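Note that this is a predicted model, so its numbers are computed, not measured.
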Amino acid sequence: MGTGSSFMRSHDDEDILGSDLEGTNGVLKRIPIEIKPRGKLGLRSVGSLGRSKPKGGSLRSALSMDLENPEVERIRKDFEMYRLNKDNEIANMQKKEQKLETENKRLRAELLALQKTCTRMRAERDAALEAEQEALARASVFESERDKVQRQFKLFRETKESEIQNLLRAKQELENRLSKLAYSGQAPDDNDSQARPGIVDLGNSHPGDWWATLESEPSLGSTVQLHQPAFLKGPEFASTSLDMDGPFINVNKEDWNLTAVNAWRVFPSVPPHLASHTIRVFASVSPDLAAEFDKFMEDHVPRLCELCSSEGRDLTLVHLPGQTVQADSGDVEFESRARKLQVDLSVIFVAFLGNTLHKFSHMEMKQAHLDHMSSKSSIVLMSETSDSKGTKSSQEMKELKRKVREVANSRVHIIHTSAALGSMAQAATRELERLLKVELGVGKKSSDQVMVCDSPSGWADQQRDMEQLDLLHTAVTSSCEMGFEKYYEHLNTQVSAAGPLPPLLVMGSPGSGKSLLLAKWLQLQEERSASSLLLYHFVGSQNSVSADPILMIRRLTAQLMQQVSTTVSLTCDPVRLVEEFPRWLEKISARSPGGVLVVLDSVDRFQQADVHLKWLLDPLPVDARVIVSVNEDSCPQAWRSWPTLHMEPCSSKHVKELLWAELSSLGASMAPETERRILAQCRTPATCCPLYVSLIARHIASLGRADSATVDGHVSSLLSCGDSFDLYCSLLTCSSDCLGQEVYGFARQILQYIYASRCGMLESELLALIPGLGWPELCALSEFLTHHLLVRYQLGLLVFAHAQAQEAVYEFCFKGQETRLRDVRASLIGYFQQHMSPGQVPMRVVDELPWLVSQMGDKQQMEKCILDLGIFQQICTRGRCSELLGYWQTVGWDKDRTAEAYFTATKNLEVVAGQKGLSLLRVAEIYETLGGFLRDLGLLSQALPALQRALEIREIDLDPDDPLVARSLHMLAGLHAQWGKYSTAETLYRHALEICQNTLGTDHPLVVKELEALAALYHKQDKHDLAHRLRKKAFAIKKTLQTPRSQSGEPCVDSLQQRVVQLEELVMGPDSSDLARSLNELGVLHYLQNNPDTAESFFKRALEMRETILGSDHLDVASSLNNLAALYNDKKLFERAEPLYDEALRIRLKHLPPDNPAVASIINQLARLYKQQSKYDKAEPLYRQAVEIREKSFGPTHPSVATALVNLAVLMSQQNRYEEAEPVYEQALKIYEDTLGLHHPRVAETLRNLAVMKYEQEDFQTAAHYYKRATEIKDQGSSYGDKVMSRRSSSIDTNSTVKNI
């Protein structure tokens, strides 16, 4: 039985018990007498409470009975224990809750701190990535600059030889003038000589070609001043380049700086035959060997001509018999000048020496070899037969052979042959074929060199660049520089003025010297401001390729693109070219330290100049200056509002100086009366121009020793002309009296063909087109026409020397006879059509034939001409697609129809390729060219089938892993990327990358190309992490290659490789200092091509030869020792490099003062060697010695001293001698700040080094301060690669991250 107290009370039981157990507020209802066990109490017991109260018995007795039950007590106790346990648990849970809340607060605080740290670390990571990207960009800029140096390196030897030849020629001409003046007694008075200070230096000297007179490699100090800022008078930047890692560290710096100076020049002395259309050979033949020479011409020369034509060049063999047609019978002097001109123009001189001489044999040999040694390659064939008669001619021949043997050198190949007929011809053919292969670069092409170009228009047209260089060189070497000083000042003011400026207009009358002024000023500007990027374009005739403004813009854009690290393809769309050029100009001018200077000469001759040069009317970039020249009569009206520099007529003083300068350069003089008459006539602007005066002076010189009456008559006739045009017409009229009727008729036809052509005429073409014309007549006429400034040689072509000469020829030959002009052009069309073949179309045909057909106006013939796939491919591969589109506009076809026609023609060619002797691989090249052409025009759907077909042909005919297959995949990937199909493009790029890696290795330039393309693709998709990894990998491969980066798509033999071949041909002669120099240069070239073993052999041979010839203590020996030691250093053969450096240092200390930069060079190299071996005890004294040398040379506050101090501080930091390094760093930092300014990149680099050192000392606050200052300098625009190239020498064998300067 239970009691009432055994019920559990809840809030819902108020209806049973009420709110108070005392009964105050409620009534206890009936309680059953018997209570079932607790385990069975439920709703039933609760429901029982609702019954009526039983009668009988009191409430108290009932309760007392229940409460006294023992079971109730036990339950009460259990309940109390349960309650206490629960209270304890609740208290414990509350304590735990408080503890967890405290822990939660602490964790939240730590989370906030970690989030702040993460944000800061992300910012630091972003800054580090940005710094890495900038470092990559700096490295790419540096690599681009290195490429420019290497592209010019192959011209070094020819430049030197040409300069020596020019100096000797100038010396000889000066001696001749002095002897003539002494003989005639007509020396000018002192006042006149003083008034003409420039008369003495009238040769083809170039101030920048200083190395031509050196007998050994120049020291470091002799080269650095050429490009050093005016306020720095020591080898600051040049000498610190010794502390760089990379390819330059492994070449003797004297040799490398010599090459670098030539490469950065706008006016390198480039031998004209390097880019000439022809290879000219002059043959001098003894009369008794005429039959031998005839056999040589008949049996062997045709094969040599085929060899040259297969490489796209013509072989011109000039032979003048002993008796030739002369301008004036008996005028030996005229014929001598004609022969000298042909010998000078020749690249190879061949002499067949028998037993007799003709009257010009000695002169030809003297001009080719005896007086100009090493000027050109010579083949001298000597017959072993003897002349039994012992005539005077045979004695003279013996004496000539003896002289040839005495002065023989490595460029003269003497061959002794038997008397058998044909033996000399065979020997000449063998040797000439070898030299021709050297000139053409035959047989030296790399087997795995495959061009990967995103667009056919990205391939360079080197012929146009060389044409511009030739035009510039022609103006610079002119002697008509009179009174230009006042114009130079005006031009300098325009360049140095601040703010955006409109173009400067140089205006003058025809022949006033505008081109000459700009060329001379460009030469001075290059020397004055080496940090500026100079771009120029000179226009020839109005019909020439140089008069195409689209090609001009494309050429200048390509030069601007060379200043960026990434490889960008040029489009062939003329509209896009014109739109993008101003953007490139603005971008590069802002990046270049000295801005960009653009010089455009004779822009009024451009075709549709007002349409394609509208960017000149827009505001130019702040750091860009544009100078243009025009004629007064043809200047567009919109340009006349620009600032203008007017070319004034020459004064009487300048006219007199110019007259005597021209006469002196030609070895002639004139009577005082003639001079007075000329000065009296030259009073008007048209007659006081340099061209007018030069023409009169040259005609007077051509009269030679004529009597005074003849001279007066000619002068009177010339002075009656009012301008240069009339003067040319007068010269053409009176030329019949000088030449004779037959030769005069040849001259007329030659001028007609030159006028009717577009780019001029080759001599071989004139010989084929003009019946009866032979070499004797052509050579005589070439001398006459060039002497009178009617024509000149331009890369092997005969072109008009001046626009006035071209106008005069039209007046003389075609005025009133327009049908004659059409007939001449029709004959040219027939001639060039004969030289077309399915497999190969010569470049001369491409230059001339489409233009000639367009001039005839026959649209059907025009359509047939430009649909020829050979012409199409030649035009596209040289970036002249705008010209092709212009031809199609003439026909009236749109782009879609043009694309369909070319694709159909290519399919038809594929069908008949076997019948025409063409391989399917050649057809695949055409498909690929067509695809790139159409893609650039935006015709993507038409381009896709062409590129896919090219890929299919190559996959069938070649191995699937052939690099050409990879090239097709690359082109297709670029098309899909442009189309926006990134996934397809990625697959194709990766396939091409896999082929290149499997076939060429992982460190090939083509692998780099594919990696960069993939990175660019990821960048377009905003996958920057993937793009960054690929760029980093590509950069690492570039760094390991250490080879010159070739321009993408150059369809020519590698320039360095071709130069190696040429030098190898020169090292076959006897030992000499010149031969040792060639061997040394060969070693440098082989090193730059990543051939260290071959380079080592050449360095060793050069060293042995120099020690034998010059002695073991000569400075050249020290140079060779330095080169060989640097090579061993690069190969980590430190034990071999160290004694060589020591010996080189000993030799230089013996001949040079201790503070000489050449000595400092060896000290730096040796110190760096010791540092790489962790021999700090040996390296430190050398670094301290370098500091002392620079302090003595330049003073204690010169930036060069700071550079040496930083190197010393770096060495101390690597030894953890931070307390000693810190004051050295601070001293260097103070010097940099005082001399270079607070925001110079050198200051930033030093601060970064200090930050790294403080970080390693765990002084994080100071390190952050230094790093912040360095970052601020960088953010202000003084990036390490923009203004001054950073030349830091970080050690590759140290764990320290401190960078050397």
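Counting heavy atoms from C-beta outward, Leu600 and Leu556 have side chains that approach closer than 4.5 Å. Within the 4.5 Å cutoff, no side-chain heavy atoms of Leu695 are placed close to those of His699.
For Trp888, the ring pair (Phe, Tyr, Trp, His ring centres under 6.0 Å) criterion is met by Trp893, Tyr902, not counting sequence neighbours. Partners of Gln542 by side chain to side chain contact (heavy atoms under 4.5 Å, CB included), not counting sequence neighbours, listed by chain and number: Arg605. Annotation: ring pair (Phe, Tyr, Trp, His ring centres under 6.0 Å) contacts of Trp775 (sequence neighbours excluded): none. With sequence neighbours left out, the side chain to side chain donor-acceptor pair (under 3.5 Å) criterion links Asp314 to no other residue. Judged as a side chain to side chain donor-acceptor pair (under 3.5 Å), and not counting sequence neighbours, the contacts of Ser652 are Arg683. In this view, Tyr887 satisfies the ring pair (Phe, Tyr, Trp, His ring centres under 6.0 Å) rule with no residue, not counting sequence neighbours. Residues that satisfy the side chain to side chain contact (heavy atoms under 4.5 Å, CB included) test with Val343, not counting sequence neighbours, are Phe282, Gln367, Ala368.
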Going by atom type alone, with no hydrogens or angles, which donor-acceptor pairs under 3.5 Å involve a side-chain atom of residues 766-774 and a protein atom two or more places apart or on another chain?
none

Atom pairs and distances, donor-acceptor, side-chain atoms in residues 721-732, under 3.5 Å, two or more places apart:
residue: Asp723; atom: OD1; partner: Phe725; partner atom: N; Å: 3.4
residue: Asp723; atom: OD1; partner: Asp726; partner atom: N; Å: 2.9
residue: Tyr728; atom: OH; partner: Leu789; partner atom: O; Å: 2.7

Which pairs of donor and acceptor atoms, one on a side chain in residues 740-754, lie under 3.5 Å apart (sequence neighbours left out)?
residue: Arg748; atom: NH2; partner: Phe812; partner atom: O; Å: 3.1
residue: Gln752; atom: OE1; partner: Arg820; partner atom: NE; Å: 3.4
residue: Gln752; atom: OE1; partner: Arg820; partner atom: NH2; Å: 3.0
residue: Tyr753; atom: OH; partner: Ser827; partner atom: OG; Å: 3.4

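Summarising the geometry of Cys650 relative to Val655, their closest heavy-atom pair is CB-CG2, 3.9 Å, with the distance given to 0.1 Å.
Ring-plane geometry between Trp639 and Trp642 is classed as parallel, the angle between the planes falling under 30 degrees on a 0 to 90 degree scale with a further cut at 60.
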Before giving the answer on side chain to side chain contact (heavy atoms under 4.5 Å, CB included), spell out for Val318 and Ser346 the whole-Å C-alpha distance, their side-chain angles and the decisive distance to 0.1 Å. CA-CA 9 Å; Val318 183; Ser346 64; over 6 Å; no
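The backbone N or O of Cys689 sits nowhere less than 3.5 Å from a side-chain atom of Ser512 that would complete a donor-acceptor pair. Between the side chain of Ser509 and the main chain of Ala686, no donor-acceptor pair closer than 3.5 Å is present. The backbone N or O of Ile875 sits nowhere less than 3.5 Å from a side-chain atom of Arg880 that would complete a donor-acceptor pair. Checking side-chain atoms of Gln874 against main-chain N and O of Val841 turns up a donor-acceptor pair under 3.5 Å. When atom types are taken as modelled, the side chain of Asn631 and the backbone of Ser634 share no donor-acceptor pair closer than 3.5 angstrom.
Pairs engaging residues 711-720 under the salt bridge (charged side-chain N to carboxylate O under 4.0 Å, His left out) rule: Arg677-Asp712 [sequence neighbours left out]. Residues in residues 755-766 take part in these side-chain hydrogen bond (donor to acceptor under 3.5 Å, both in side chains) pairs, two or more places apart or across chains: Arg280-Glu763, Arg758-Glu883, Glu763-Tyr793, Glu765-Arg844.
To the nearest 0.5 angstrom, Met507 atom CE is 4.0 Å from Cys635 atom SG.
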